[in-house]
Amino acid sequence: MLLSAPHAPVAAAPPVPWGVRLRWWAEDHGAGVGAVAAIAVVTVAFQGVNLGTAPPPAEVEGALVAGGWSMAHLGSAGEATFSPTGTSLAPVHLGAWMWATGGLGRASTAIAAGREAMLVAHTVGIPLVWLLARRSGLARWAAGAAAVLFTASPLAIALHRPVSAAGLTVPWMLAGLVLASSRRPRPWTVIGAGVCLAVAALTEPVAVVVAPAAGWLLWRSSPSATRRRRRLLLGAAAFGLVWLALTAVVTGGGTPGPGAPLDLLDRIRLVVDGRSSSSVLGTGAGGLDGRSAVDLIGLDRVGAAVTLLAAVVVPSVIPRLRPIGGAFWACAALALVADEPSAAVVVLMVPLGALLLAAGAQLVWAWHVEAHLEPRLRSHRVSGAVRRLDAAVPLVFAAAAVVGAVALPDWVASHGDLMGGGPTAPLAHAVDWVAGNLGDGETVIVDEVAWVDVVEGGLDPSRLATYGAVGGGAAWRSYDYIVATPALRHPGAPPALAAAVEGSRPVARVGEGADRVEVRRISRVDAESVTAGEVPPPDEALATAGAALATNPAIEAPPAALAQLRAGEVDGRLTTVLATLAGAHRLEIGAFLRLPSEAVAGAPVRTVELVAIDGRPISADDPAVVEVVAFLGNQRPEFRPEQADVVSRTGGEPRLRITFPVGQEDQE
């Protein structure tokens, strides 16, 4: 019969419905999906603790967040006064996250909003680590162990919580390796691998050392040499074309001039173009909270040592993991040859090392099973060397237990230090004070960490400059204020910023001791007289003037107001004006009013309310009140209040409120 002939076509199998395919896939992968989901949920809950404050924010984080913020909010190039961060797509990632999710409106600070993006990137890396481990031949439990190590190790917390270009690169790098390790690569997977690795390298340039490992994975994906070459060329072409296209688009148009309207592409060019980049204070060798790669590895010394051992042994025993081992050692070689080892390299090594360490654990377990659980399956006689090797299995497990016992205290201590919060409250309160007391006409130098928060507080971004944006020499004298953080009091602070601190006078102070943050007035201040100690400490001078006013018989005040005078908590301009008015009138003080931001910052009180003058209650028609208001309005600028009005309180008598502005203390 024709149908039974050897050359007769075979009937095609009926198509399988999508629902059936989905059910089959769920049956095969349900356990893995559940495990990855559980790890991801625990990761979000665990790493979300003190996300905005632990570890303490670094200046490079503020520069990256400011770059991302500017993409969505800047109206002209002249407003870009934050510190440039060099050529990187990291601000593009952050800007997209903040724009799409409204992160700035939801998070407590701009740094917290940026760290939300880092947490998302880290969470996305969990299933990618799982997939890469499974495609590398690891069992489900070993792949889960790799995901846990990638998530919960002290290095993972220290490196993936702070805002950094390297942390944003990790998901792209892992995605490229996962696509390249596909068992049956298709053109779209090969192209996707090249695109992901190109984006990774443009986000963090050191990621380019991982590209050869992806090429290795593509090369071994087929027994056919022709297909190998085609796939490798296709992946390299995708990588190169995306690299060249993004580079040309981002940097080809040049940076727009000040005042020019910005479209989205111009904003990307503004924050990505590295031609005007300057150093950022305190970034250290790696730019992650000021710590070098060696300092970061010290958070988990035992784990780092064991990972290095696994990176030597596992690739030599398991050929399938040699590309991953090659990527790991390429990063290690880059760290060794660099003048200052970059912490960004360690960020890329963490997921690769977690996979190799989990593979090492699976190798030891398979060795244990082969040596002790299946001796009857051996049909041949083993050599003495193999028997001695098998007998060493208990020693390996004992050594692993000792290593775990030694590493556990380091893990507990490191987790406590990294997630215990940092001394960021003084800076946050100083930002509130600046936003609440300084107007748009004031120019301010702020920490990179606080730049976005101050702008979100209402100050004009064109009037602000970050530490890294301030030039050398006497450029700092063109600004009115500087928010001085503890970093500026260190011996290694840039000379221009140190000179600005020395040549300024504090007007508000938050915190105590080494962690204090000061808002300092630097306009029209003689730096030499300040540094020479000719100006007495502000609190001492205010206390002396306040004590003299408290004993003036023409002044009546409640005990709380008198205590404020004697303690030096009242602004010197206010005590001077009250003393002058007391020469012609009897004044009854109701209270010295302290704004919430002043109460936190420890700034002198600038507002007083008078309840009576010459024994008469305050009235807008009273001749004494009219005289006092006219007197205050005719004062020289440095003693002229910004408010001298009769105000009415609910359920109380009218009061004469006198308020002095911030920043006129040293006007000539």
Without swapping roles, check the side chain of Ser88 against the backbone of Thr203 for a donor-acceptor pair under 3.5 Å. yes
To the closest 0.5 Å, what do you measure between CD1 (Ile658) and CZ (Arg573)? 12.5 Å
Taking Asp622 for the side chain and Ile618 for the main chain, is one N or O donor matched with an acceptor at less than 3.5 Å? no
When you measure from the side chain of Thr443 to the backbone N and O of Asp480, does any donor-acceptor pair fall under 3.5 Å? yes
So which heavy atom on Ile522 is nearest to which on Tyr479, and how close? CG1-O, 3.1 Å
Would you say that Ile589 contacts Leu578 through its side chain, given a criterion of any heavy-atom pair below 4.5 Å between the two side chains? yes
N/O donor-acceptor pair under 3.5 Å between Arg655 side chain and Val608 backbone: no
Look at the side chain of Arg520 and the backbone N and O of Val501, then say whether any donor-acceptor pair between them is shorter than 3.5 Å. yes
Quick one: closest heavy-atom pair of Pro604 and Leu542, and the distance? CG-CD1, 3.8 Å
Hey, what's the ring geometry for His160 with His122, parallel, tilted or perpendicular (30° and 60° as the breaks)? parallel
Side chain to side chain, Pro55 and Arg161, heavy atoms closer than 4.5 Å: yes
So, for Leu64 and Val163, which heavy atoms are closest and what is the spacing to 0.1 Å? CD1-O, 3.8 Å
For residues Leu168 and His93, report the shortest heavy-atom separation together with the two atoms involved. CD1-CB, 3.9 Å
Heavy-atom side-chain contact between Asp447 and Thr466 under 4.5 Å: no
Any donor-acceptor pair under 3.5 Å linking the side chain of Glu116 with the backbone of Ala112? no
Looking at CZ of Arg489 and CG of Asp515, how far apart are the two atoms once the value is rounded to the nearest 0.5 Å? 8.0 Å
Gln643 and Thr659 side chains, donor-acceptor separation under 3.5 Å: yes
Would you name the heavy atoms of Leu159 and Ser164 that are closest together and state the gap between them? O-OG, 4.1 Å
In sequence, state the C-alpha distance, the side-chain angles, and the governing distance for Val454 and Val444, and then conclude on side-chain contact (heavy atoms from CB on, under 4.5 Å). CA-CA 10 Å; Val454 173; Val444 188; over 6 Å; no
Can you find a side-chain donor-acceptor pair between Asp460 and Ser462 that sits under 3.5 Å? yes
Would you please test Glu59 and Glu61 for side-chain contact (heavy atoms from CB on, under 4.5 Å) and show each step? CA-CA 5 Å; Glu59 284 77 6; Glu61 294 186 72; over 6 Å; no
Under 6.0 Å from the ring centre and within 45 degrees of the ring axis: does the NZ or CZ of Arg521 meet both conditions for the six-membered ring of Tyr481? yes
Using atom types as modelled and distance alone, determine if a side-chain donor or acceptor of Arg115 lies under 3.5 Å from a backbone N or O of Leu51. yes
Does any non-hydrogen side-chain atom of Leu94 lie less than 4.5 Å from one of Pro91? no
pair Val519-Trp433: side-chain heavy atoms closer than 4.5 Å: yes
So, taking the atom named CG in Leu488 and the one named CD1 in Ile482, what distance separates them when rounded to the nearest 0.5 Å? 5.0 Å
Supply the atom-to-atom distance Arg463 CZ to Leu438 CG, rounded to the nearest 0.5 angstrom. 11.5 Å
Would you check, one step at a time, whether the test side-chain contact (heavy atoms from CB on, under 4.5 Å) holds for Tyr467 with Val446? CA-CA 6 Å; Tyr467 291 167; Val446 297; 5.8 Å; no
Closest non-hydrogen atom pair between Leu427 and Ala450, with its separation: CD1-CB, 4.3 Å
Steps toward side-chain contact (heavy atoms from CB on, under 4.5 Å) verdict (Val611, Glu653): CA-CA 8 Å; Val611 297; Glu653 297 295 332; over 6 Å; no
Charged N-O contact under 4.0 Å between Glu588 and Arg586: no
Is there side-chain contact between Val629 and Leu656, with at least one heavy-atom pair below 4.5 Å? yes
Taking the side chain as everything from C-beta on, heavy atoms only, tell me whether Val577 gets closer than 4.5 Å to Phe660. yes
Could you check Thr607, Asp571, Leu565 and say which one makes a side-chain contact (heavy atoms from CB on, under 4.5 Å) with Phe592? Leu565
Quick check against the 3.5 Å criterion: does Gln635 have a side-chain atom that pairs as donor or acceptor with the backbone of Leu632? no
Taking atom types as modelled, is there a side-chain donor on Arg606 or Asn437 under 3.5 Å from an acceptor on the other? yes
Measure the shortest side-chain to side-chain distance between Thr576 and Phe639 over non-hydrogen atoms and say whether it is less than 4.5 angstrom. yes
